[in-house]
Protein chains: 2
Amino acid sequence: MTRTPIWQSIATSLRSAIAEGHYSAGEKLPTEAALSERFGVNRHTVRHAIRHLADEGLVHARRGAGVFVLARPLDYPLSERVRFHQNLLAAGRLPEKSVLSVEVHAAAEDDARRLKIAPGDPLAVSYSLSFADGTPVALAESRFPEVRHPGLADALRRESGVSKALAAVGVEDYVRASTRLSATSATATQALHLQLREGAPLLLAESISVAGDGLPIEHGQTWFASERITLTLDY
Amino acid sequence: MTRTPIWQSIATSLRSAIAEGHYSAGEKLPTEAALSERFGVNRHTVRHAIRHLADEGLVHARRGAGVFVLARPLDYPLSERVRFHQNLLAAGRLPEKSVLSVEVHAAAEDDARRLKIAPGDPLAVSYSLSFADGTPVALAESRFPEVRHPGLADALRRESGVSKALAAVGVEDYVRASTRLSATSATATQALHLQLREGAPLLLAESISVAGDGLPIEHGQTWFASERITLTLDY
DNA sequence: GTGTATGATATGTCTAGTTGTATAGTTGCT
DNA sequence: AGCAACTATACAACTAGACATATCATACAC
């Protein structure tokens, strides 16, 4: 019988350290160099252990930055999960949303048509990242007709949620008009944001929301890390 | 086996944004700092991407001022979205369905719970492939409580559609109770059936249908070739 | 009005540190 | 001999932070 490989015992050691809370979600592990010194092995052996933990979905490594601990995808009881996702679908928003950037520029033909504005009209584009339990689950790119609601871009930057920003410019009510669902593979940058491997399966929801006046108020794309989230539909 | 560098992915993203007219000629790109936030990378990585675009002659950077779009390519190779748009409610009931095989065996615990039968009860499992215009678009694996409807397996083999087979055993009315959506990568066999490459993104819909008597009549998984089909939800 | 000083903001450059990958070599077991 | 685990080294890709330098808008003096 072969003895257990060193990398396996290192993986076990790190796994239990994480489980015991020595390293909590979002935190950085010591550098590979530091770990290799601590365990008295070569850096590659530590890397082997870390790669194993990454395959298990426990940690995620970012080149040049470090190795970060991920939150275990919580298995919500079905009833609770249903409510969570229902809210998600109904309201189109998630808890712990972080706005990455908001830009304003002239609308291209495509966007203009979808939002029923003229090409060249001011368009607000918002990029945001949504978290659940500190782990990223969704990446969104939303387009708003700034031309019809001046100050919307500022409001999007200022307010934490889309609803609040829209309320700030006088849009009290809006509903999702249509949603198109498909699947894609994560690009390098999407993988970065969602802390996934490049090529990981993503669930893509493309939606159009309309305000009370019947005019489109948002046209967005949301990429969900399908390893961590499931969309549920109920009838 | 080297994955695509991040800066390349960013360059591609910016290049297509320019091509699509989101940033038009003479206009300023967002600042390097803003872009680095939006893409979730270090400023240096964004600079690498911009330098590449500058080498291509697409943009020009002026110290202290910003990065400006020089020219807009006439037309870019727009990935034609020749997708079939299908209604989500029709999931698993697409035209041109070909039943690959129908098996009957004892229900495992999981399936039994979902279909509200006892573990070990006869269970009909149907594997089918759906086409649209002769192209495979969906692969389905459906489970039916054979124990409650003896002869269902035979009917599934005989009849062309699920509705007809169910009608043959006295189930006139049934509705979809819930659908859960996620994304996966195609396995080798799935890729073969759907005529895709291995690892292609698939949209997975897991559903439960109930008959008029309120009992579950079907529990199925359908994998859609998301390159060829988009599910649409309308409200 | 015109010119100038100033502060905020933008790109350019540099240094140091961390993970990713490739190649080659060593050790121990079967 | 062959294989697997581990070591050793080097370089590439990316992060992090600091600082230099160019630009622009504004305010203020004249």
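Chain naming here is simple, since letters A, B, ... match the order of the sequence lines and numbering starts at 1 in each.
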Considering residues at least two apart in sequence or located in another chain, which fulfil the side chain to side chain contact (heavy atoms under 4.5 Å, CB included) criterion with A:Ala153?
->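 So A:Ala153 forms a side chain to side chain contact (heavy atoms under 4.5 Å, CB included) with A:Val102, A:Val104, A:Ala124, A:Glu146, A:Arg157.
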For B:Glu103, which residues count as a side chain to side chain contact (heavy atoms under 4.5 Å, CB included) partner, sequence neighbours excluded?
->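 Residues passing side chain to side chain contact (heavy atoms under 4.5 Å, CB included) with B:Glu103: B:Ser101, B:His105, B:Tyr127.
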Report the distance from atom [atom1] of [X] to atom [atom2] of [N], rounded to the nearest whole Å.
| X | N | atom1 | atom2 | result |
| --- | --- | --- | --- | --- |
| A:Arg51 | C:dG20 | CZ | P | 11 Å |
| B:His48 | C:dG12 | NE2 | P | 14 Å |
| A:Ile6 | C:dT27 | CD1 | C1' | 11 Å |

With sequence neighbours excluded, what pairs up with B:Trp223 under the ring-ring contact (aromatic ring centres under 6.0 Å, His included) test?
->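 B:Trp223 satisfies ring-ring contact (aromatic ring centres under 6.0 Å, His included) with no other residue.
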With sequence neighbours excluded, what pairs up with B:His48 under the ring-ring contact (aromatic ring centres under 6.0 Å, His included) test?
->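 Testing B:His48 for ring-ring contact (aromatic ring centres under 6.0 Å, His included), a comparison that skips the adjacent residues, returns B:Trp7.
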Nucleotide range of DNA chain D contacted by chain A, 5' to 3', under 4.0 Å to a heavy atom?
->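 Boundary nucleotides touching chain A, in 5' to 3' order, are D:dC6 to D:dT15.
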Members of residues 28-44 of chain A that approach DNA chain D, where some heavy atom sits under 4.0 Å away =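 Only A:Val41, A:Asn42, A:His44 qualify.
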For [X], what residues pass the salt bridge (charged side-chain N to carboxylate O under 4.0 Å, His left out) criterion, not counting sequence neighbours?
| X | value |
| --- | --- |
| B:Arg143 | B:Asp111, B:Glu141 |
| A:Glu37 | none |
| B:Arg114 | B:Asp110 |

Identify whether any heavy atom of A:Arg47 sits under 4.0 Å from a base atom; if not, whether one sits that close to sugar-phosphate; answer base, sugar-phosphate or nothing.
->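 Base contact.
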Base, sugar-phosphate, or nothing for A:Ile50, non-hydrogen atoms under 4.0 angstrom?
->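 Nothing: the residue A:Ile50, judged by heavy atoms under 4.0 Å, touches no strand.
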Check for a donor-acceptor pair, side chain of A:Ser226 on one end and backbone N or O of B:Ser182 on the other, with a separation under 3.5 Å.
->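 Checking the backbone N and O of B:Ser182 against the side chain of A:Ser226, no donor-acceptor pair under 3.5 Å is found.
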